[in-house]
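Here the structure is laid out as structure tokens; the discussion comes afterwards.
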Amino acid sequence: MDETRLEAERRAKVARWRSSGREPYPWAFEGRVASSVVRSACAGLRPGETGEGATYRVAGRLRTVREHGRTAFAVVEDLDGPLQLLLRADGLGEEAYRGWLADLDPGDILGAEGPAVVSRSGEPSLEVRTLTLLAKAIAPPPEKFHGLQDVEERIRGRYLELLASPGARQRFRVRTALIGEIRRAFDEAGFTEVETPILGPVASGAAAAPFVTHSNYLNEELRLRIALELPLKRLLVGGLEKVYELGKSFRNEDLDSTHSPEFTELEAYWAYADYHDLRAFTEGLFARLADRAAELLPDSPAARKGIDAFRPPFPTVDFGEELARRTGQPGILSKSREELRDLARQAGSTVPERSSTGTFLDKLFEHYVEPTFDRVTFVVDHPEATTPLAKRHRSKPGRVERFEVFFPGFELGNAYTELNDPDEQERRFREQLGERGGDGYAFDADFVRAMRYGLPPCTGIGLGVDRIVMALTGTPSIKDVILFPLVRSR
RNA sequence: GGGCCCGUAGCUCAGGCCGGUAGAGCAGGCGGCUCUUAACCGCAAGGUCAGGGGUUCGAAUCCCCUCGGGCCCGCCA
């Protein structure tokens, strides 16, 4: 990489620092406290007053320096936030004061030690007695006021966005906190968290193109998983009763504002329960996540909107009734494939001519019903034709026991009372193969074999974790809730 | 896959329609300033205008191609 003029100047400062016997990249900074500790220590002080006795060691990234001749203010920022450092030539000595200021730049990692002080204008600060360079930044940071705006740079150099933007740091910490909350909810309900393989010979459990790779050892083609469903159901065959997995799945598809080729999902399977039980659990989970997000993001109007949408009661929409109502076509579920195709065409859909009735129904629902959701909404009891892995409805003919959860603009989750008849499963796998050729549900023969040993009646759900985080943090693009989203190499 | 838009200094952005020596702020350099908080004041410096080709006396600007990105549609859960 070419060295820029700015980098050359910063390297010269490193050399000066070394030549004066100081290490620009020391090993540690012991006894360091968070900036918030100093701010608390300032709470009892009057403007202009210096705290008695205790000194504090803080460390963080230097953001700005404001020099006023023989006094200077610097701002260092750690994970708890910014803290002002007060430097005075009186007290520090002219030589030390000038020496520090000459060779420090925004972006450097610093340690500082001194007592708490409140500036005359009331800013909680640390009065610097000693300053330690902990890591010299050779590359200059993004502009201090606007931060990093370029979308491409924000994603490719996520660390730059993070170091320049406390909001970005907060967004990703909230992500982790919400994932923790999801784990606790399942753990407390007695689910066992498991890990199932990412690599395997068959990518099954959803209709999506897999990433294909190769094992040198086995000399076999392998695929990255596209869903977690089938291995988890095998564990119910094995008697684990309540299991969940939270991890990444991979789909070899386009990246857009709600789809990422590498994404985080949660799937849970619950023996001896049905989709009513799971819906009640999901509602409780969502309410819990809304509370947690409200606690973590009290001042974000964007998050507020999503958080309110996550609070019960949640509207329920019957797939068939709502589609009939919104299209003005009573009995739409019993229409022929050709009639549905024509309706889909009228709605502007260009799905292929040969698509199944299920595909046309999905398109119509997407066009007429989904845009009407203004909060978290449960869609229930889909037509059998749209859903290959669910059990048929116990009282509604032609339907399955299924619910989908929507947030305005995208789907959050999908749940069924699971199919557990192995012969029925095999038949539905074969039908799916027929429709989409190589790109449909892969036929997982071993899964059918497992089911022949007896899968208990059960219910299961898949949740899009990235999307839940988008909703609850008010983030419009999935790329901004994934630390390092997939990008073209350059 | 189709359409529209964007790429100018380390960063944030003007300039582009209507072609004529490339501009500002921040950051950096030098000087000044003892309470600022987007500190301030002065001076000097900083450019492969994404890359390539074309039109033209002359291209950041107009045209074509390529690369990277964004948005919408399609496809995909």
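Labels below follow one simple rule: chain letters A, B, ... track the order of the sequence lines, proteins then strands, and each chain is numbered from 1.
For the P atoms, the distance linking B:U8 with B:G70 amounts to 15 Å, nearest Å. B:U36 and B:G23 have their C1' atoms separated by 30 Å, with the value rounded to a whole Å. With P as the reference atom, B:G25 and B:C65 are 39 Å apart, rounded to whole Å. Between B:G15 and B:U61, the two C1' atoms lie 9 Å apart (nearest whole Å). Separation of the C1' atoms belonging to B:G52 and B:C67 is 10 Å when rounded to the nearest angstrom. Spacing between B:C43 and B:A24 at atom P, rounded to whole Å, works out to 12 Å. One P atom belongs to B:A22, the other to B:G46, and the distance between them is 13 Å to the nearest Å. A distance of about 9 Å separates the P atoms of B:C17 and B:C63, rounded to the whole Å.
A donor-acceptor contact closer than 3.5 angstrom is absent between the side chains of A:Thr459 and A:Asp274.
Judged purely by atom type and a 3.5 angstrom limit, A:Ser300 uses its side chain to pair as donor or acceptor with the backbone of A:Ala303. Between the side chain of A:Asp362 and the backbone N or O of A:Phe365, no donor-acceptor pair lies under 3.5 Å.
In this structure, B:U12 forms a base pair with B:A24, meeting either the Watson-Crick or the G-U wobble geometry with both donor-acceptor distances under 3.5 Å. Using N1 to N3 plus N6-O4 or O6-N4 for Watson-Crick, or N1-O2 and O6-N3 for G-U wobble, each under 3.5 Å, B:G31 pairs with B:C41. Across all strands shown, B:C76 forms no Watson-Crick or G-U wobble pair with both key distances under 3.5 Å. As the counterpart of B:G7, B:C67 is assigned, both hydrogen-bonding distances of the Watson-Crick or G-U wobble pattern falling under 3.5 Å.
The only option from A:His382, A:Glu404, A:Arg402 that meets the side chain to side chain donor-acceptor pair (under 3.5 Å) definition with A:Asn414 turns out to be A:Arg402.
Within the structure, the ring-ring contact (aromatic ring centres under 6.0 Å, His included) test picks out the following pairs touching residues 54-97 of chain A (sequence neighbours left out): A:His68-A:Phe73.
Between A:Phe73 and A:Gly147, it is A:Gly147 whose nearest contact on RNA chain B lies nearer the 5' terminus. Comparing A:Leu148 and A:Val487 by the nucleotide of RNA chain B that holds the closest heavy atom to each, the one mapping nearer the 5' end is A:Leu148.
Per the geometry, NE2 belonging to A:His68 stands 12 Å off C1' belonging to B:C41, to the nearest Å. As a whole-Å value, the separation of A:Asp256 CG from B:C73 C1' is 11 Å. Taking atom CD of residue A:Glu77 and atom C1' of nucleotide B:U37, one finds them 14 Å apart after rounding to whole Å. Atom CD of A:Gln149 and atom C1' of B:G70 are 14 Å apart (whole Å). Whole-Å rounding puts the A:Arg5 CZ to B:G10 P distance at 8 Å. Summarising the geometry, the separation between CG on A:Asp150 and P on B:A50 is reported as 13 Å, rounded to the nearest angstrom. Residue A:His367 contributes atom NE2, which lies 16 Å from atom C1' of B:C75 at whole-angstrom precision. Between A:Tyr97 atom OH and B:C35 atom C1' the separation is 11 Å, expressed in whole Å.
Residue A:Lys363 places at least one side-chain N or O closer than 4.0 Å to OP1 or OP2 of B:C75. Dashed line: the shortest gap from a side-chain N or O of A:Lys479 to OP1 or OP2 of B:G69 is not under 4.0 Å.
Partners of A:Glu418 under the side chain to side chain donor-acceptor pair (under 3.5 Å) rule, at least two apart in sequence or in another chain, are A:Lys233. Residues that satisfy the side chain to side chain donor-acceptor pair (under 3.5 Å) test with A:Arg345, not counting sequence neighbours, are A:Glu353.
Ring centers of A:Phe281 and A:Phe186: under 6.0 Å apart, within the cut-off.
Taking OG1 of A:Thr196 as the start and CZ of A:Arg225 as the end, the distance is 4.5 Å to the nearest 0.5 Å. For the atom pair A:Arg129 CZ and A:Leu131 CG, the distance stands at 13.5 Å (nearest 0.5 Å). Atom CD of residue A:Glu245 and atom CG of residue A:Leu266 lie 9.0 Å apart, to the nearest 0.5 angstrom.
Counting non-hydrogen atoms under 4.0 angstrom, A:Glu265 reaches nothing in the nucleic acid. At a threshold of 4.0 angstrom between heavy atoms, the contacts of A:Asp105 are confined to the sugar-phosphate backbone, with no base atom among them. Using a 4.0 Å heavy-atom cutoff across all strands shown, A:Gln84 reaches at least one base atom of the nucleic acid.
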(request) Tell me, with the steps shown, if A:Arg66 and A:Gln84 meet side-chain hydrogen bond (donor to acceptor under 3.5 Å, both in side chains). (result) CA-CA 10 Å; A:Arg66 298 181 287 274; A:Gln84 178 167 277; 3.0 Å; yes
(request) Under the side-chain hydrogen bond (donor to acceptor under 3.5 Å, both in side chains) rule, what do A:Thr316 and A:Arg279 come out as? Steps first, then yes or no, please. (result) CA-CA 11 Å; A:Thr316 299; A:Arg279 169 155 180 191; 2.7 Å; yes
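Interface residues of residues 107-128 of chain A facing RNA chain B, ordered by number: A:Ser119, A:Arg120, A:Ser121, A:Glu123; criterion, heavy-atom separation under 4.0 Å. Within a heavy-atom distance below 4.0 Å of RNA chain B, the residues of residues 41-67 of chain A found are A:Arg66, A:Glu67.
Among the nucleotides B:G68, B:U36, B:C35, the one closest to any side-chain atom of A:Glu152 is B:G68. Nearest to the side-chain atoms of A:Pro142 among the listed nucleotides B:A27, B:C11, B:C76 stands B:C11.
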Under 3.5 Å, N/O pairs linking protein and nucleotides 1-4 of chain B:
none

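Classification of the A:His393-A:Tyr275 ring pair by plane angle, with boundaries at 30° and 60°, yields perpendicular.
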